Amino acid sequence: MTGCKDFQKIMQKVLDRTASEKERADLEGHMTLCRDCARKFKTLQVSLELLISMPVPEPSPTFTSDTIKKAFRAKRDQKRRRKIASWCLSGLTAIISVFIIAGWNMVLQPAIRNILLNLLKIILEWRALFNALNKILSAMVTVLKYLADVSVRIIWEGGAPIVSGYLIALILMVFIILMSGARSSAFSFKRR
Amino acid sequence: MIQPQKPISDLSRLIKLARSGDEDAFSKIVNIYRNNIIGYCHRMIGSGAEDMAQEIFIKFYLALDRFDASKPVAPFLFRIAHNHCLDILKKKNIRTISFEKDAEDRQEIQIKDERPNAEDLMQKAELQNAVNDAMAAIPVLYRSPLIMWHVEGSPYEEIAEILELPIGTIKAQIHRGRKMLQQKLMDFVLIDGELR
């Protein structure tokens with residue numbers, strides 16, 4: 001161990017009261033050679049000595065008696081405050097208990113009833129909406145049904161000649177198309 | 001460690017009596033620790049140490065109900081003192097401490113002191129002022145364990161218990177505090193180790 005840094009560590013150990021005799025002797029030997037380290041150690045020693053011997057104001061002659069008086073008064077105040085707090089807490093507990101017990105009938109039950117009634121109202125309102133939709137749909141169905149009935153009745157009652165006429169027209173058209181095709185092919189054959 | 005004049009068994013008896021409202025028992029406890037507490041407050045905060053010590057003892061008395069009488073009193077009392085000092089520092093937002101009142105006291109002491117070497121006294125007073133200023137400039141974090149270790153002589157374990165920190169941290173804080181003190185006071189010590 002030769003460096004000043006190492007000796008500064010030993011200085012701290014000396015002040016921590018953990019340095020060995022050898023370390024102390026080494027430090028003292030080093031300080032006879034290194035003035036900077038000696039100065040540093042001296043500064044530490046002197047400043048700590050002064051910190052320890054710092055003049056502290058002497059307590060006044062009435063310090064203890066005043067402290068006792070104040071402490072006991074504070075204790076009485078603390079007890080009084082605790083008593084008041086415990087009374088307040090008991091009162092609060094009693095009030096809450098009253099609310100819980102009586103409130104079921106007084107406050108809570110009507111409240112639940114109101115909530116249930118509101119829920120029922122909402123359901124009924126929705127039902128009304130469903131009913132309206134149902135009515136619209138059924139009206140539409142009725143109209144469609146009526147139209148369908150009318151059309152079927154027209155077809156069955158007065159539509160037979162129309163259907164037969166339509167069929168005859170269809171057959172005639174197919175015949176004409178076929179005939180015109182045959183004629184055109186015969187004509188083209190003759191030309192050739 | 002703070003050496004109470006009475007053994008722990010006597011102290012625990014005093015604590016029990018004080019808890020039950022015995023004024024004499026509590027006054028004995030106050031008398032045992034008052035100088036240590038005033039000294040600690042003075043070194044931590046500066047002026048107004050007596051009032052602070054009084055408030056600390058009041059807090060201690062109010063907290064006696066939750067104190068285990070079989071344990072040593074000093075760590076419990078010093079924890080209250082430390083927290084009280086921190087509260088005051090926070091409340092007043094104090095970064096530096098004032099030793100004005102102390103300086104007056106010191107002057108009185110010097111006048112009464114009739115030692116022949118006045119120059120030496122002046123030197124010491126100057127250095128004392130410098131130590132006060134240096135202590136005031138050291139952060140509370142380092143100041144508190146430094147005072148507990150060097151002034152009160154509390155072991156690391158006790159300081160760790162009071163400040164609720166690991167022993168390693170306490171050691172590091174003391175080392176740093178000492179280094180800060182050293183740096184601030186280097187100019188007051190001459191190269192040959194003599195006081196300037």
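Residue numbers begin at 1 in each chain, while the letters A, B, ... track the order of the sequences. Just so we're clear, the structure is a prediction, and the values are computed from it rather than from any experiment.
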Could you tell me the separation between the [atom1] atom of [X] and the [atom2] atom of [Y], rounded to the nearest 0.5 Å?
| X | Y | atom1 | atom2 | value |
| --- | --- | --- | --- | --- |
| Lys184(B) | Thr43(A) | NZ | OG1 | 14.0 Å |
| Thr64(A) | Ile29(B) | OG1 | CD1 | 12.0 Å |
| Ile38(B) | Glu58(A) | CD1 | CD | 8.0 Å |
| Lys13(A) | His175(B) | NZ | NE2 | 10.0 Å |

Min side-chain heavy-atom separation [X]-[Y] under 4.5 Å:
| X | Y | answer |
| --- | --- | --- |
| Glu50(B) | Pro57(A) | no |
| Val30(B) | Phe63(A) | yes |
| Thr67(A) | Tyr61(B) | no |
| Leu181(B) | Leu48(A) | yes |
| Leu44(A) | Arg178(B) | yes |

Backbone N/O of Leu51(A) and side chain of Arg43(B): donor-acceptor pair under 3.5 Å: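 Yes.
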Gln182(B) (side chain) donor-acceptor with Lys40(A) (main chain) under 3.5 angstrom: yes
Atom group of Gln78(A) that falls short of 4.5 Å from chain B, counting heavy atoms: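 Side chain only.
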Ser60(A), part contacting chain B, at a heavy-atom distance under 4.5 Å: both
Between Arg17(A), Met31(A), Arg73(A), the one whose heavy-atom pairs under 4.5 Å with chain B are most numerous: Arg17(A)
Lys59(B) NZ: over 12 foreign heavy atoms closer than 6.0 Å: yes
Heavy-atom contact with chain A under 4.5 Å, split by part of Asp65(B):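 For Asp65(B), the side chain is the part near chain A, not the backbone.
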Which atom of [X] lies closest to which atom of [Y], heavy atoms considered:
| X | Y | result |
| --- | --- | --- |
| Ile58(B) | Ala74(A) | CG2-CB, 3.7 Å |
| Trp149(B) | Asp16(A) | CZ2-O, 3.3 Å |
| Leu185(B) | Ser47(A) | CD1-CB, 3.0 Å |
| Gly21(B) | Phe72(A) | O-CE2, 3.4 Å |

In the single-linkage hydrophobic clustering (I, L, V, M, F, W, Y; side-chain heavy atoms under 4.5 Å), do [X] and [Y] co-cluster?
| X | Y | value |
| --- | --- | --- |
| Phe130(A) | Ile122(A) | yes |
| Leu17(B) | Phe67(B) | no |
| Val151(B) | Val56(A) | yes |

